[in-house]
Amino acid sequence: MTPMYQGRPSRLFRNLNAKIASIPMILTALVIFVGGTAWTVFYSFTNSKLLPRASFVGLEQYERLWATPRWLTAVENIAIYGVCTLVFSLVIGFLLAALMDQKIRFENTFRTIFLYPFALSFIVTGLAWQWILNPNFGIQQVVRNLGWTSFTFDPLYDADIVIYGILIAGLWQGTGLIMCLMLAGLRGIDADIWKAARVDGIPTWKTYVFIVIPMMRPVLVTTLVIIASGIVKVYDLVVAQTSGGPGIASEVPAKYVYNYMFLAQNLGQGFAASTMMLLSVVIVVVPWAYLEFGGKRRHG
């Protein structure tokens, strides 16, 4: 006769087959991602040039980094690009999602049109908007041909506003994805909530601001992380549109890293810059991980 109670296996041996199957992925993450990150941080404290060498110089590379005008310009540009991308992507994406959620006709067609730019690479997007913003045959020339001969719109050729020209292309490509994420969040709201709000006479905008948006917190957090990760690594859009010009006016951190590691053959400086980029990613990911997992574990 079998015993009525058999002890459960320890947590270590639960779902053992799945854990064994995940070993290659875990090893890949440890060796390539964690190992590569540690290797980069380690050599950022060295005087490596063409090849890595363990010639330690302390914080010299970081001091040189923050004294370089090109890096300071890159940080300023990424800050402007990042803040504007976060704000405009969320606002435009949510407004489009709210409009799409009204059960409009041809919704699938409009959704496809808005999402289509996201299917393009940043290189294609950058080249397309380079032509559109070209003063000789782009928007400026089209408007002048209509009679407004004094009209000027050439952001990619003006060092003071070039980053906003890049921002236009980035928003055009990425806002469609944000719209789809927001739309998925809106479709997850119970219809009874909308009915109760109408019965209570709550205006539509207040329903969105005080009821719907707080209920979409998980979607908003995920969307913020996706946007922030795209901001930190922006590179090919800049290369395709301006190559960092005019001068160094549209330089960004990822391009700075590439230039120093592969063109200037200064690995130590490139590693220091990439470590600062890693730090910015950590600043984004750690709060997200805390909000997503720390709170659940605390309330679980």
Side-chain angles (χ1 to χ4, degrees), residues 81-82 84-134 137-143 145-146 148 151 153 155-156 164-231 234 236-237 240-241:
Y81 180 88
C84 292
T85 299
L86 275 174
V87 173
F88 288 113
S89 291
L90 287 173
V91 172
I92 297 174
F94 183 82
L95 290 176
L96 289 175
L99 292 173
M100 298 287 286
D101 195 40
Q102 306 304 312
K103 306 297 188 295
I104 61 174
R105 295 181 62 186
F106 308 111
E107 177 187 330
N108 291 336
T109 302
F110 284 116
R111 191 166 60 233
T112 301
I113 292 172
F114 288 133
L115 187 59
Y116 177 75
F118 186 73
L120 303 177
S121 70
F122 275 119
I123 294 295
V124 174
T125 298
L127 289 175
W129 278 94
Q130 183 191 59
W131 299 332
I132 294 171
L133 298 177
N134 189 299
F137 47 81
I139 294 175
Q140 175 177 297
Q141 189 59 40
V142 170
V143 175
N145 290 339
L146 294 175
W148 289 277
F151 178 79
F153 186 68
L156 298 185
Y164 299 102
I166 297 171
L167 173 68
I168 293 172
L171 290 174
W172 179 80
Q173 188 191 46
T175 303
L177 174 65
I178 306 306
M179 179 206 70
C180 288
L181 293 172
M182 295 291 185
L183 183 60
L186 288 173
R187 292 286 164 84
I189 302 298
D190 195 336
D192 291 337
I193 293 176
W194 291 103
K195 294 177 182 177
R198 294 192 194 98
V199 170
D200 293 339
I202 301 175
T204 302
W205 70 270
K206 283 190 176 182
T207 305
Y208 275 112
V209 173
F210 297 107
I211 300 175
V212 174
I213 291 179
M215 294 180 67
M216 292 175 59
R217 176 183 164 277
V219 174
L220 290 172
V221 172
T222 301
T223 303
L224 285 172
V225 172
I226 292 174
I227 296 174
S229 63
I231 291 169
V234 63
D236 31 11
L237 189 63
Q241 284 190 274

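The two atoms that bring Pro155 and Leu133 nearest to each other are CG-CD1, 4.0 Å, heavy atoms only. Closest non-hydrogen pair, Ile226 versus Leu177, comes out as CG2-CD2, 4.3 Å. The minimum heavy-atom distance between Phe153 and Gln140, with the atom names listed, is N-OE1, 2.9 Å. Across every non-hydrogen atom of Ile178 and Ser89, the tightest pair is CG2-O, 3.5 Å. Here the closest non-hydrogen pair linking Cys84 and Tyr164 is SG-CE2, 4.3 Å. Taking every heavy atom of both residues into account, Ala197 and Thr207 meet most closely at CB-OG1, 3.7 Å.
In this pair, Trp205 and Phe210 present their aromatic rings tilted. The plane angle is within the 30 to 60° band.
Remark: Trp172 CH2 to Leu120 CG distance equals 5.0 Å, nearest 0.5 Å. In this structure, Ile231 CD1 and Leu86 CG are separated by 4.0 Å, a value rounded to the nearest 0.5 Å. Distance check, rounded to the nearest 0.5 Å: CG of Leu90 to OG1 of Thr175 gives 9.5 Å. Note: Ile92 CD1 to Met182 CE = 11.5 Å, rounded to the nearest 0.5 Å. For the atom pair CG (Leu156) and CD1 (Ile166), the distance works out to 7.0 Å, reported to the nearest 0.5 Å. To the nearest 0.5 Å, atom CZ of residue Phe110 and atom CG of residue Leu115 are 15.0 Å apart.
Among pairs with a residue in residues 116-130, those fulfilling side chain to side chain donor-acceptor pair (under 3.5 Å) read Thr125-Gln173, at least two apart in sequence or across chains.
Contact of the Leu95 side chain with the Leu99 side chain is not registered, since no non-hydrogen atoms from C-beta on lie closer than 4.5 Å. Taking the side chain as every heavy atom from C-beta outward, Leu237 and Tyr81 approach each other to under 4.5 Å. Counting heavy atoms from C-beta outward, Val212 and Met215 have side chains that stay 4.5 Å or more apart.
Annotation: Phe151, atom CZ; neighbour count of heavy atoms from other residues, nucleotides and ligands within 6.0 Å is above 12. The environment of CZ in Phe88 is sparse: at most 12 heavy-atom neighbours from other residues, nucleotides or ligands sit within 6.0 Å.
Of the possible polar contacts, none joining the Asp200 side chain to the Ile202 backbone as a donor-acceptor pair under 3.5 Å is found. Not a single donor-acceptor pair under 3.5 Å links the side chain of Asp101 to the backbone N or O of Ala97.
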**OP:** Please lay out, stage by stage, how Gln141 and Asn134 fare under the test side-chain contact (heavy atoms from CB on, under 4.5 Å).
**Re:** CA-CA 8 Å; Gln141 189 59 40; Asn134 189 299; over 6 Å; no
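Comment: Arg111 engages Glu107 in a salt bridge, judged by a side-chain N to carboxylate O separation of less than 4.0 angstrom.
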